[in-house]
Amino acid sequence: MKAWLSPFVIAAGIGAASLLAGCTTNPATGQQSYTAFMSSDEEKRVGAEEHQKVIKEYGGAFNHNGIAAYVTGIGNKLVATSEFAGQPFTFTVLDSEIVNAFALPGGYVYVTRGLLALASSEAELASVLGHEIGHVTGRHTAQRVSQANTANILTGGLAVLAGVLTGSSELGSAVGDIVGTGAAAYVQSFSREQEFEADSLGVRYMTRAGYDPAAAGGFLAKLQAQSELDAKLAGRDPNAGGDMMASHPRTQDRVAKAVTEAAQGEGAKAQAALSKPATEIGREPFLTRISGLPYGADPREGVVRGSSFTLPPQRVRWSAPSGYAVQNGAEAVLIAGQAAKARYDIAKASTPAADAVRAWGQSYGVRGLSRIAVPGGLDAATGVIQAQTSQKQPVLVRLLVIKTDANTAHRFQILGGLQSGAEVDRLAQSLASSFTQLSAAEAAAFKPLRVEIVSAGSEAQTRQQASQMPTPSGTESVRLFEILNGLAPGAMPAPGTKIKLLRS
């Protein structure tokens with residue numbers, strides 16, 4: 001189970017001791033920026049502290065065919081054109097199938113292997129790295145932290161993220177994970193103004209480095225198409241959040257405006273740099289580098305398909321009701337809805353399910369302990385506890401344990417407000433009734449996919465290859481092929497063109 005760690009949940013622990021002069025002139029933007037609560041030294045300290053946490057939450061740093069050094073080389077090339085050319089940056093590829101990129105203060109920039117699979121050239125990758133470098137040089141996290149602290153609006157959110165239940169039990173820590181997802185979403189996103197500023201800075205840096213700035217718009221179009229496909233498969237609104245488009249609210253017209261401003265308004269020095277030809281695409285070197293790249297989730301860590309979660313090693317599958325989002329994490333799977341949330345993990349338990357529930361919630365006192373029906377007649381039990389958040393808000397938690405063998409307990413922790421008892425019960429019942437065991441053949445069918453780079457044949461041959469391409473369950477193979485290769489719906493590449501296919 002791997003995770004998507006909200007990248008900007010890093011403000012905790014930054015206190016009034018870091019208060020400096022309120023406004024400074026940023027050399028990257030030329031603007032006065034309010035960063036009173038986060039100095040440059042504080043940015044470096046926080047970034048360094050959070051770096052290893054990010055790597056852990058994403059399942060580790062990733063390297064394939066020298067891709068880590070390759071990404072670092074492109075990133076450093078961009079940094080060298082920036083106003084912070086002397087500042088060291090750290091570029092990391094994360095082992096996550098989610099298409100994402102983000103930056104921490106102090107020069108820590110991350111891209112996922114999922115994003116690398118979507119990109120098709122060095123220029124597209126440079127547009128992403130440049131944008132994230134722009135968040136660092138624009139000091140956007142420092143601005144957000146300072147503004148939030150000044151307005152006293154972040155304290156409650158950070159208290160929730162720091163650990164929700166009073167006490168430090170395993171159950172309390174886990175409930176903190178569940179409740180914290182809402183607050184994390186608040187902290188993670190930059191404003192639209194900051195996103196546009198990062199676009200402008202990123203286009204500036206990639207243009208100075210010689211990359212074609214049009215690649216920024218091209219990659220954004222692919223990102224939007226992928227977001228729409230993911231939303232369709234999940235049965236949700238593409239604008240409802242949960243992906244890179246939600247955390248980076250950008251549009252084609254804003255990127256086009258950034259390209260124009262980078263070419264017209266930077267002063268004499270920048271104009272001299274921008275007058276150099278900016279035509280490098282780097283398609284073939286990039287595609288060569290990502291050939292063989294793993295695509296999608298690693299079945300060993302569990303696979304999310306819409307609202308369903310499958311864990312092939314354990315040979316189990318369950319589904320959340322419509323309207324709930326399922327997110328795989330490093331330690332657990334989170335299930336989030338409007339009225340209730342839940343957390344799923346696996347623990348060792350040699351006792352019957354009812355005893356496992358009682359032991360799990362013993363610090364709080366389990367009420368209404370009873371058996372619950374699960375397909376296949378598996379041993380399953382549920383009970384309710386009531387607890388308080390650190391803000392003294394009462395919460396209702398239903399515990400559900402399903403035993404698949406003598407020593408293995410699949411545990412669901414379903415949480416809601418005291419007025420959400422009916423929805424908590426409905427979610428628990430839905431999870432229990434959907435919990436099924438897979439056959440050995442069904443579990444074995446979940447094989448890892450890889451990106452293969454080939455030369456396109458005739459239109460008919462390529463269309464056949466696209467239609468037969470193995471994909472994650474439920475994905476339209478031809479549409480995914482079009483998105484991966486930056487093609488409009490219905491279009492096919494010219495014969496001889498290097499293209500991306502998926503192979504098992």
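Note that the structure is a prediction, hence the values are computed from the model and not measured. What you see below is based on every heavy atom in this structure, not just the backbone, and it leaves out hydrogens, waters and symmetry mates.
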task: Please test Ser319 against Ser434 for side-chain hydrogen bond (donor to acceptor under 3.5 Å, both in side chains), starting from the C-alpha separation and ending with a verdict.
output: CA-CA 6 Å; Ser319 299; Ser434 70; 4.8 Å; no
I'd like to know if [X] and [Y] make a salt bridge, using a cut-off of under 4.0 Å between side-chain N and carboxylate O.
X	Y	result
Arg343	Asp345	yes
Arg204	Glu83	yes
Lys500	Glu452	no
Lys53	Glu50	yes

- prompt: With Gln386, which residues qualify under side-chain hydrogen bond (donor to acceptor under 3.5 Å, both in side chains), at least two apart?
  reply: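 Result, side-chain hydrogen bond (donor to acceptor under 3.5 Å, both in side chains) vs Gln386: none returned.
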- request: Could you tell me which residues satisfy side-chain hydrogen bond (donor to acceptor under 3.5 Å, both in side chains) with Arg289, sequence neighbours excluded, listed by chain and number?
  value: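 Listed in chain order: nothing, the list is empty.
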task: Have a look at Phe89 and tell me which of Val109, Leu129, Leu78 forms a side-chain contact (heavy atoms from CB on, under 4.5 Å) with it.
output: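 So, applying the side-chain contact (heavy atoms from CB on, under 4.5 Å) to Phe89 and each of Val109, Leu129, Leu78, only Val109 qualifies.
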Contacts of Arg358 that satisfy salt bridge (Lys or Arg N to Asp or Glu O under 4.0 Å) - sequence neighbours left out: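 Arg358: salt bridge (Lys or Arg N to Asp or Glu O under 4.0 Å) contacts with Asp355.
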query: Can the ring centroids of His51 and Tyr110 be said to lie less than 6.0 angstrom from one another?
result: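 They qualify: ring centres under 6.0 Å apart.
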- prompt: When the ring centroid of Tyr205 is compared with that of Phe84, is the distance short of 6.0 Å?
  reply: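 Not close enough - the centres of the two rings lie 6.0 Å or further apart.
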- prompt: Does the Arg411 side chain pair with the main chain of Val401, one donor and one acceptor, at a distance under 3.5 Å?
  reply: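 Judged by distance alone, no pair lies under 3.5 Å.
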query: Of the non-hydrogen atoms in Gly365 and Ile385, which two are nearest, and what is the gap between them?
result: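 Taking every non-hydrogen atom into account, O-CG2, 3.6 Å.
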